[in-house]
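Here is the structure we will look at.
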Amino acid sequence: MSTPSMTLFHSPSSPFVRKVMVLLHETGQLDRVATNTVTVSPVSPDSGLNQDNPAGKLPALRLADGSVLHDSRVILDYLDHQHTGTPLIPREVPARWRRLTLASLADAILDAAVLIRYETFLRPAEKHWDLWLENQQEKIERTLAYLERDGIKELSSSFDIAAISVACALGYLDFRMPTLGWRARQPQLAQWYAEVSQRPSLKATEPPTA
Ligand code: 99T
């Protein structure tokens, strides 16, 4: 086992960090990265993280030369250039644009779900804005419906950036929004997710029990 040359600012509950960890598993690069676990939220920033990443968000990746990459999309792209196997972000177009667009939809689910999490968990109950929460949830539901209708065949065809991102998004919904009930409305996505969840990379990176 080699000494890690990179450090990942990490949290086990972050789905964005999880995407990075899954890619490290899938590409055999786990031993190149040490993890530095940080607890952070918009109302409790971490000064060490802020120094390296002024947006104060996880993940960030410190490289051997001391430079720092963020956000998860940049880190994934970087790490996908550091192994010799089949790229998980296709290099050829138009596959590249389509797979990155599917991955971006997964990130859109995550952005909305994390905003809901912060609004409901961090904000005092009397300040909750129901219309805003409903519209964030509708973003999630529209995107899941799109993936069921128009994305499922592509997701099933390869475990790449699109599949990693969607799997991490579904895992986060189960973790933070367990009563959403998406499986009843998206049975094909549910079947696909049940299968890919058995991959060692996803099993090893499951979020902690909520
Ligand atoms: O917003 C903050 O100040 C702290 N939040 C984060 O660092 C979240 C952690 S998910 N990360 C992001 O929002 C990163 C998004 C970015 N576009 C990327 O990296 O792709 C924690 C969720 C939870 O604990 O429930």
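One-based numbering along the sequence shown. Every number for a ligand or one of its atoms is a count from 1 in the order of the listing.
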Test item, Tyr118 contacting ligand 1 (heavy atom, 4.0 angstrom)
yes
Hey, is ligand 1 close enough to [X] that some N/O pair sits below 3.5 Å?
| X | answer |
| --- | --- |
| Asp71 | yes |
| Asp111 | no |
| Tyr172 | yes |
| Ser13 | yes |
| Arg176 | yes |
| Leu58 | yes |

Got [X] and [Y] here, is their nearest side-chain heavy-atom distance under 4.5 Å?
| X | Y | answer |
| --- | --- | --- |
| Asp80 | Arg91 | yes |
| Phe16 | Asp111 | yes |
| Gln188 | Leu147 | no |
| Leu144 | Leu189 | yes |

May I ask you to list the atoms of ligand 1 that are less than 4.0 angstrom from any heavy atom of Arg73?
17 (N)
Within a distance under 4.0 Å of any heavy atom of Pro59, pick out the atoms of ligand 1 and give their elements.
19 (O)
How far is [atom] from the closest protein heavy atom, and which atom is that?
| atom | value |
| --- | --- |
| atom 10 (S) of ligand 1 | Ser14 OG, 3.6 Å |
| atom 13 (O) of ligand 1 | Phe16 CE1, 3.6 Å |
| atom 20 (O) of ligand 1 | Ser72 OG, 2.5 Å |

Note: Ser41, heavy atoms under 4.0 Å from ligand 1, region reported as backbone
Do Leu131 and Tyr118 belong to the same hydrophobic cluster, where Ile, Leu, Val, Met, Phe, Trp and Tyr are linked whenever their side-chain heavy atoms lie under 4.5 Å apart, directly or via other members?
no
Check whether Tyr172 forms a cation-pi arrangement with Arg176 (NZ or CZ under 6.0 Å from the six-membered ring centre, at most 45° off the ring normal).
no
Ring of Phe159, cation from Arg199 - is the NZ or CZ under 6.0 Å from the centre and inside 45° of the axis?
yes
Check ion pair Asp107-Lys19 (N to O, under 4.0 angstrom):
yes
Carefully, step by step, assess Asp77 and Ile161 under the rule side chain to side chain contact (heavy atoms under 4.5 Å, CB included).
CA-CA 9 Å; Asp77 199 0; Ile161 188 66; over 6 Å; no
